[in-house]
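Notes to accompany the following structure.
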Amino acid sequence: MGWLRAGSSVAKLAIRRTLSQGGSYATRSRIVPSPSRYFHITVFKSKTQTAPVPLPVPLSKLTDSFLDGTSSVYLEELQRAWEADPDSVDESWDNFFRNFVGQAATSPGISGQTIQESMRLLLLVRAYQVNGHMKAKLDPLSLEEREISDDLDLALYGFTEADLDREFFLGVWRMSGFLSENRPVQTLRSILTRLEQAYCGSIGFEYMHVADREKCNWLRDKIETPTPMQYNRQRREVILDRLIWSTQFENFLATKWTTAKRFGLEGGETLIPGMKEMFDRAADLGVESIVIGMPHRGRLNVLVANPSHLEAVDPVVVGKTRAKQYYSNDVDRTKNMAILIHGDGSFAGQGVVYETLHLSALPNYTTGGTIHIVVNNQVAFTTDPRAGRSSQYCTDVAKALDAPFSIFGHNEIDEPSFTQPKMYKIIRNHPSALQIYQNKLLESGQVTEQDISRISQKVSSILNEEFLASKDYVPKRRDWLSAYWTGFKSPEQLSRVRNTGVKPEILKNVGKAITTLPDNFKPHRSVKKVYEQRAQMIETGEGLDWAMGEALAFATLVVEGNHVRLSGQDVERGTFSHRHSVIHDQETGEQYCPLDHVIINQNEEMFTVSNSSLSEFGVLGFELGYSMENPNSLVMWEAQFGDFANGAQVIFDQFLSSGESKWLRQTGLVVLLPHGYDGQGPEHSSARLERFLQMSGDDPFVIPVMDPTLRKQIQECNWQVVNVTTPANYFHVLRRQIHREFRKPLIVMSPKNLLRHKDCKSNLSEFDDVQGHPGFDKQGTRFKRLIKDQNIHSDLEEGIRRLVLCSGKVYYELDDERKKNNASDVAICRVEQLCPFPYDLIQRELKRYPNAEIVWCQEEPMNMGAFSYIAPRLATSMTSLGRGAFDDIRYVGRAPSASTATGFYSIHAKEQTELAQKAIQPEPIKFNAVI
């Protein structure tokens, strides 16, 4: 139906133009009362002058849509054309004329109705559907002054008070809503009454922007022809019981903790019976699991933990819901549902709300829909709505609405009257939702005062009993974990170190599977060459690069039955065109992912690699939530460049670094942050390694138990931070995430230029579990927390004059400088795991080189990078061995700086050369060597 289209402004212009031929608008407006409604009519005065004659409309315009007509002459021309040939006009006009010309002539009592009036009446109906919400009674405090839209003014459409009881032919339309009813003739008053009841009551509906006609029609039908919910006495008492619970619980907390910030639900108590009713209905429809995200307000009444930072929980909830759908094989996305509860101010003000909404239809992020409930207390902290948003409604970003109010301000200790005196004066005198509902039930005779008293006393008794019992409550970690986590260990329980090597035959088999493309597949010639080189790596067992090491880690985990998911911007190809997980046929456009074909009949989601929207906050939060559902999954998020992670800092602060400490919840999420100084400027060099290390929770002045059979260092730390320098070590650190009895977040300073560095290669023997192969020890093959100097050194090397400790790709530059200067008396060790600090391995190297001066070398400025974290821990290691103290550590690197890096490549190259030369120089480094 063309008349449903959004471009009604042209049609309204036609009405104004037509009416201007015979009258003008008065400057005053008034409200005309009806038995139950008030209709908006502007007084209309006749003109005495002659109206201008509109120009004829060319026949070429006769195929325009119903809403695009611009004058009465146009309508007459269209009608004549339709009468001559119905196919000569747009389908929407054909439908219009069939209704109003074909049927109206046979309807008694409406012979005076013109075709122009018919169109105006339909446009009036549409105006209510589009803008009726602007007249709805949405403010229970009656404080908001709302201007009624001119589109709801009867005079705009040429109608007056005299027309209210006049009958009009509406026709029967092929659409949902009351126009589809078999009532083609109605008075204008009855039409308006129906529209006012549907759109201008205590609920406003704004839905005509929905582009999907089926969805729009479904909504229109529910709004215009509702089936009232009939509750019997028993059901009404259940609702009353729930409302008493929510109200008395808030009162109980206010009595027991008078000065505590509870962020209570006062004024929004109907949230509780409303949500419980929703849960009941969801269960009836087959929903088995619901994940809830809470704001501050109401979190105690709803019994959901709140991560404080406003809307930060939104993507986490959605991600966890998606994971539940995967593990329960909920392909239709009907068994697991997300519910997000918001505050009005944060819903309008927090960008992550949009980032989360934006994920809703993306193939690897959709959950089939999320229910959003906005508790609108009309005050965001102390900010008036007029200062808190530019839009009319707090939910305009999602075109939804909910509007309860709050008795208190942001929290119970605030004095809201400081900033909202008028509002809170009215609130104090406003009856509560419970009082209003009780009075209605008493008036209807469905409950008695005794019933209310009985329920109230029951609730009060239970609350007091539970309060007394709570004094002896001791939280147990098991109570906080789902079934998938059974058997996983807490930091208090010892977990053994496991082997991460893989049998050579498995490596060969999966290596062949992930480097073989279908015979008829035609990839880009450059990508084809990449896969040919990878196949050669597997065949020879030599020269495996970074991407190959990563692919082998993914493939072997899939073979072992683990779910692997990688998400982020450009991750399918890789920001630096190194991964090529998804290949595109250059002729057909068909896609092929080799890692989807590692095992027979592999579930298409068992390995998932997905380019995300251009979002960090929302997508990282989503992957965090996804990772928390099941420990038997390797879930990763990769930033396009490492410093882009600062757009998701709230997730790192509120959840990833502190979630286990706050909520006893573990996650093994892996975060890949490309990091390294390559001369690409301040915004593409640093992943802000220092921030992650600064948030690490280990004590720099206490060496923990480091015996391999007793070590719980990683378990007791809040996360792991690594800066890996070989493909094999990257392979093992990824597999280590799964092959252990606990889960910890892993922050990886992933490389950029090492992806193709000539020396950054590993042999296949470094990936396997064969005794005698590189990296194998009594515990098998595993991740190396520290890589010792690659020269052949004994356990005691007294001739080494300097021990250079470093991390990341700067090692290769230092090694090149050492070779160039033949500085065989300098040892270089790579600290691959920065946090938690490898005290045992550092002390092993300090003992190996008893006469060496100790140097920490880094690319980053002194106030950035790892230095501030490493120095006190290195000093603690040295002090315990009698090898000196903090002042004996020499720093080689860039000077302190506000910017992460220079923007000039020539300056970068000069600085990079100087720091390598300083670190290897033959003279002792007497002072810190800042570049």
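Keep in mind the model is a prediction, meaning the values are calculated, not measured. The figures that follow rest on heavy atoms only: side chains count, while hydrogens, waters and symmetry mates do not.
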Problem set entry | Flag, side chain of S453 to backbone of E449, donor-acceptor distance under 3.5 Å | no
Problem set entry | Close side-chain approach of L240 and L434, heavy atoms under 4.5 Å | yes
Exercise. If we only count heavy atoms from C-beta on, is the F178 to R220 side-chain gap below 4.5 Å?
Worked result: no
For this session: For the pair L620 and F652, evaluate side-chain contact (heavy atoms from CB on, under 4.5 Å) and give the outcome as yes or no after the intermediate values.
Result: CA-CA 9 Å; L620 176 60; F652 291 112; 3.5 Å; yes
For this session: Test side-chain contact (heavy atoms from CB on, under 4.5 Å) on H342 and E311 and set out the steps.
Result: CA-CA 7 Å; H342 313 270; E311 300 289 340; 2.6 Å; yes
Problem set entry | Side-chain heavy atoms of P315 within contact of V352, under 4.5 Å | yes
Problem set entry | Ion pair D451/R454, N-O distance below 4.0 Å | yes
Problem set entry | Carboxylate-amine/guanidinium contact R235 E277, below 4.0 Å | yes
Exercise. Which is it for L300 and L253 under the side-chain contact (heavy atoms from CB on, under 4.5 Å) test, yes or no, and what are the steps along the way?
Worked result: CA-CA 9 Å; L300 296 178; L253 295 179; 3.7 Å; yes
Exercise. Is any side-chain N of the basic residue among R126 and D151 closer than 4.0 Å to the acidic one's carboxylate O?
Worked result: no
Exercise. Backbone N or O of S289 within a donor-acceptor pair of the K335 side chain at under 3.5 Å?
Worked result: no
Problem set entry | Ring geometry between F252 and F467 (parallel below 30°, tilted from 30 to 60°, perpendicular above 60°) | perpendicular
Problem set entry | Nearest heavy-atom neighbours spanning S633 and Y327 | CB-OH, 3.0 Å
Problem set entry | Side chains of M278 and I373 in contact at under 4.5 Å (non-hydrogen atoms) | yes
Exercise. Measuring from D314:CG to L340:CG, what's the distance to the nearest 0.5 Å?
Worked result: 4.5 Å
For this session: Run the numbers on F617 and T356 for side-chain contact (heavy atoms from CB on, under 4.5 Å), then give the verdict.
Result: CA-CA 9 Å; F617 193 162; T356 305; over 6 Å; no
Exercise. Judged by modelled atom types alone, do Q248 and S460 share a side-chain donor-acceptor pair under 3.5 Å?
Worked result: no
Exercise. Rounded to the nearest 0.5 Å, how far does CG of L441 lie from CD1 of I436?
Worked result: 12.0 Å
Seminar exercise, completed: Minimal heavy-atom distance between Q129 and M208, with the atoms involved, is O-CG, 3.4 Å
For this session: State, to 0.1 Å, how close L359 and S613 come at their nearest heavy-atom pair, and which atoms those are.
Result: CD2-OG, 3.7 Å
Problem set entry | Aromatic Y626 / basic R565 pairing, under 6.0 angstrom, 45° off normal | yes
Problem set entry | CE on M337 to CD1 on I292, rounded to 0.5 Å | 8.5 Å
For this session: Determine yes or no for a side-chain-to-main-chain donor-acceptor pair under 3.5 angstrom, with S456 supplying the side chain and I452 the backbone.
Result: no
Exercise. Would you call I651 and E623 a side-chain contact if the rule is heavy atoms closer than 4.5 Å?
Worked result: no
For this session: Would you check if the side chain of T366 reaches a backbone N or O of L362 as a donor-acceptor pair within less than 3.5 Å?
Result: no
Exercise. Between the side chains of S658 and N718, is a donor N or O closer than 3.5 angstrom to an acceptor N or O?
Worked result: no
Exercise. Does NZ in K440 sit with more than 12 non-hydrogen atoms of other residues, nucleotides or ligands closer than 6.0 Å?
Worked result: no
Seminar exercise, completed: Distance col, row L285:CG vs D280:CG, nearest 0.5 angstrom, shows 11.0 Å
For this session: Taking the six-membered ring of Y199 (Phe, Tyr or Trp), confirm whether the NZ or CZ of K135 is under 6.0 Å from its centre and within 45° of its axis.
Result: no
Exercise. Should E237 and R242 count as an ion pair when the cut-off is N to O under 4.0 Å?
Worked result: no
Exercise. Which heavy atom in L138 sits nearest to a heavy atom in S202, and how many Å separate them?
Worked result: CD2-O, 3.9 Å
Seminar exercise, completed: Rounded to the nearest 0.5 angstrom, the CE-CD1 distance for M275 and I371 is 9.0 Å
For this session: Taking the side chain as every heavy atom from C-beta outward, state whether N630 and Y326 have any atom pair closer than 4.5 Å.
Result: no
Exercise. Has the side chain of K662 got a donor or acceptor atom that lies under 3.5 Å from a matching backbone atom of Q654?
Worked result: yes
Exercise. Just by distance, do the side chain of W637 and the backbone of F622 share a donor-acceptor pair under 3.5 Å?
Worked result: no
Exercise. Minimum heavy-atom separation for N131 to S149, with atom names?
Worked result: ND2-OG, 4.0 Å
Exercise. Does one side chain, of Q446 or R233, offer a donor that lies under 3.5 Å from an acceptor on the other?
Worked result: no
For this session: Measure the shortest side-chain to side-chain distance between P491 and E660 over non-hydrogen atoms and say whether it is less than 4.5 angstrom.
Result: yes
Problem set entry | Under 3.5 Å: donor-acceptor pair, side chain of S246, backbone of E269 | yes
For this session: Answer yes or no: is there a donor N or O on one side and an acceptor on the other, between the side chain of Q666 and the main chain of K489, under 3.5 Å?
Result: yes
Exercise. Under the 3.5 angstrom rule, does the side chain of S461 hit a backbone N or O of K458 as a donor-acceptor pair?
Worked result: no
Exercise. Is there a side chain to side chain donor-acceptor pair (under 3.5 Å) between Y437 and T270 once you walk through the steps?
Worked result: CA-CA 10 Å; Y437 190 59; T270 53; over 6 Å; no
For this session: Grab the two heavy atoms, one from G618 and one from S615, that are nearest each other, plus how far apart they are.
Result: N-OG, 3.2 Å
Problem set entry | Atom pair CD1/CZ of I462 and F249 - distance to nearest 0.5 Å | 12.5 Å
Problem set entry | Side-chain touch P295/V375, heavy atoms, less than 4.5 angstrom | no
Exercise. Taking the side chain from T367 and the backbone from R322, do they hold a donor-acceptor pair closer than 3.5 Å?
Worked result: no
Problem set entry | Chi angles and distances behind the ring pair (Phe, Tyr, Trp, His ring centres under 6.0 Å) call for Y207, H133 | CA-CA 10 Å; Y207 67 97; H133 61 88; 9.7 Å; no
Exercise. Quick check: are there more than 12 heavy atoms from other residues, nucleotides or ligands sitting under 6.0 Å from CZ of F742?
Worked result: yes
